[in-house]
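Only a predicted model underlies this, so the values are computations on that prediction, with no experimental measurement involved.
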Amino acid sequence: MYAINTSVNTGGMINLRGAEASQDWSMYMEVQKRNERHFAGGYPIPEGGIGAGYMADKDGELAFGFTAQDGIETLHRFVDGSWKKCPVNLDEIDIVDSGEKPGQLVVRGPRQPGKPRALQFMDADTGQLGEVLLADSGYDFSGWLYRHPVTHDIVGLHMRTAGPQTIWFTEAYRSFQKILNGYFPGKVVEIIDYNKTETRFLVEVHSDQQPAIYYWVDFDKHTLGLVKNSTPWIDPARMRPMNVMKFKTRDGRKLDAYVTLPSGASKQHPAPLVVLSHGGPYARDVWGFNPEAQFLASRGYAVMQPNYRGSPGYDWMFPGKDRYNFRKMSDDVTDATKAVLASGLVDPKRVAIMGGSFGGYLAISGIVNEPELYRCAITIAGIFDWGRVVQDEKYYQYDSPSFGWMIRELGDPKKQKEYFDSISPVRHVEKIRVPVFVAHGKDDPVADISESRRLISELKEHNVPHEVMFAGGEGHGFGHLGNQVELYTRIEAFLAKNLAPADAAVASAR
């Protein structure tokens, strides 16, 4: 959370369309339960469905609540000790944050054909849209707001596009940013916090080759000092730059992908490629230092990170349920892969696909849907049968809004068997022709380990070469250092074995 004194989503506002599960999910859920007990004891609960979260105003006071029924979310405003239902269509409006006045919100406005969605104020009591804060020509807003340290009014925003950008709404803050940029030339400088007199700033400085370093800067004394280097063992001079690549989907949309090339890669010496698909799916990759990409590049691999449909910033391009279509997401990854192959900088005969969570799902989907494109696949904490996931979620339909949302947006597995069959790669393992590495935490509360166990069972049945790493005490992903070291040591060996040059593979076989 980088916003300055921004309004706090006190109850952890649940955004079913945008939140990627984190490795700290169990802790998050415990906080949710405590907050729900607190609100239940101190405030009336909004009526009209399952409680889906709360949101504070700019000063941190409870202001809004959310309920969901049959996949439809409803906004409520807390006024004079009771909840008032707001006439806001949350299918058309995405709430970003609280506004500056009572009952005011900052939202992504309704979709307009062929145009990104504007970021603007909205009156929650009437649903009336107000002043536009940002209307970007290429992206929906995805990022956070900056607020004044005293008034808490909005003074700027940080936005994720092809690269990071900060936009200030006042000349004073534009001047602050210019001064700070001057202290750290060639780096991205993000303001984290500052004092009420706006003379002493805490900043994060980073780039694609340098992880975050935190400094304080004193404008009065014209001095600065180191607060913390997040990774002092990283030498930026040894890291590889991250490049932005545009690729076209098969339905004609242009999306972003990030390409990190190893040292020495050229058309004369093309590098093996690892396609690294992000999780979510409603998350996105961003330009900046990525430890997985740098790890792989240091081992001689080119890395391509595609932002497929559903990634924040691109919703305006995909109307209706297109942005929820998992098969088309997989196709987007394929299109990005073929685009980077066309550059001639990577070896088309040595391509792997890898990902965690939803990215792990895309990795297995890739080798099912495109059996000739990849030489191997790596999946970490993936899900492989969406029909079963939806059915399992049904057991929690009276406590969680997820089931209703899935039925509404993804469909009903009982009525749409063919579609769910097409997006569930574990049902098509007979199409897999390449080795697979499967990793999963045994205590994963988000993607149950049974998903990977079933995948392994199918791989065995169809005689697909595979390796397995299950780790106890791990949730959604691998958080313990010892397990991380083992995981990436094994991934390195797996890639070296399966992406070896053809002549090396022949020599090894002899």
Could you give the distance from [atom1] ([X]) to [atom2] ([Y]), rounded to the nearest 0.5 Å?
X      : Y      : atom1 : atom2 : result
Met406 : Asp412 : CE    : CG    : 13.0 Å
Arg453 : Glu451 : CZ    : CD    : 12.0 Å
Gln294 : Asp208 : CD    : CG    : 7.5 Å
His440 : Phe478 : NE2   : CZ    : 8.0 Å
Ser266 : Leu345 : OG    : CG    : 7.5 Å
Thr260 : Tyr301 : OG1   : OH    : 15.5 Å

Test your reading of the model: is there a side-chain donor-acceptor pair from [X] to the backbone of [Y], 3.5 Å cut-off?
X      : Y      : value
Glu474 : Asp444 : no
Gln210 : Pro236 : no
Ser311 : Tyr308 : yes
Asn243 : Val259 : yes
Ser330 : Phe326 : no
Ser365 : Leu362 : no
Arg490 : Val468 : yes
Arg240 : Ala297 : no
His158 : Glu190 : no
Tyr361 : Ile423 : yes

Take Gln69 and Thr67 through the side-chain contact (heavy atoms from CB on, under 4.5 Å) test and state the conclusion after the steps. CA-CA 7 Å; Gln69 189 167 16; Thr67 58; over 6 Å; no
Below 6.0 angstrom between ring centroids: does that apply to Phe318 and Tyr324? no
Heavy-atom distance under 4.5 Å between the side chains of [X] and [Y], does that happen here?
X      : Y      : value
Leu255 : Asp335 : no
Phe470 : Ile456 : yes
Asp385 : Arg427 : yes
Asp136 : Gln165 : yes
Tyr258 : Leu276 : no
Lys497 : Glu467 : yes
Lys394 : Ile407 : no
Val346 : Val351 : no

Between [Y] and [X], does any NZ, NE, NH1 or NH2 come within less than 4.0 Å of an OD or OE carboxylate oxygen?
X      : Y      : result
Arg309 : Asp251 : yes
Asp332 : Lys328 : no
Asp94  : Arg117 : yes
Asp347 : Arg350 : yes

Take atom NZ of Lys460 as the centre, draw a 6.0 Å sphere, and report whether it contains more than 12 heavy atoms from other residues, nucleotides or ligands. no
For Lys248, does the NZ atom sit with more than 12 other heavy atoms under 6.0 Å from it, leaving out its own atoms? no
Shortest non-hydrogen separation from [X] to [Y] and the atoms involved:
X      : Y      : value
Asp91  : Arg111 : O-NH1, 3.3 Å
His462 : Val429 : ND1-CG1, 4.0 Å
Met245 : Ala339 : CE-CB, 4.2 Å
Pro116 : Trp316 : CA-CG, 3.5 Å
Pro164 : Trp287 : CD-CE3, 3.7 Å
His428 : Asp421 : NE2-O, 2.8 Å

Please step through side-chain contact (heavy atoms from CB on, under 4.5 Å) for the pair Phe420 and Leu410, ending with a clear verdict. CA-CA 9 Å; Phe420 277 89; Leu410 300 184; 4.3 Å; yes
Please assess Asn483 against Leu487 for the test side-chain contact (heavy atoms from CB on, under 4.5 Å), listing each intermediate value before the final yes or no. CA-CA 6 Å; Asn483 290 333; Leu487 174 65; over 6 Å; no
In terms of the angle between their ring planes, are Phe358 and Trp386 parallel, tilted or perpendicular, with boundaries placed at 30° and 60°? tilted
Test log, rule salt bridge (Lys or Arg N to Asp or Glu O under 4.0 Å), inputs Asp70 and Arg408: CA-CA 7 Å; Asp70 299 326; Arg408 185 169 184 244; over 6 Å; no
Under a 3.5 Å cutoff, is there a donor and acceptor pairing between the side chains of Tyr139 and Asp256? yes
Exactly one of Thr379, Thr337, Val333 clears side chain to side chain contact (heavy atoms under 4.5 Å, CB included) with Ser277, and that residue is Val333
Begin with the C-alpha distance, continue with both residues' side-chain angles, and end with the deciding distance and a verdict on side-chain contact (heavy atoms from CB on, under 4.5 Å) for Lys338 and Glu370. CA-CA 11 Å; Lys338 290 181 177 179; Glu370 302 290 336; 4.2 Å; yes
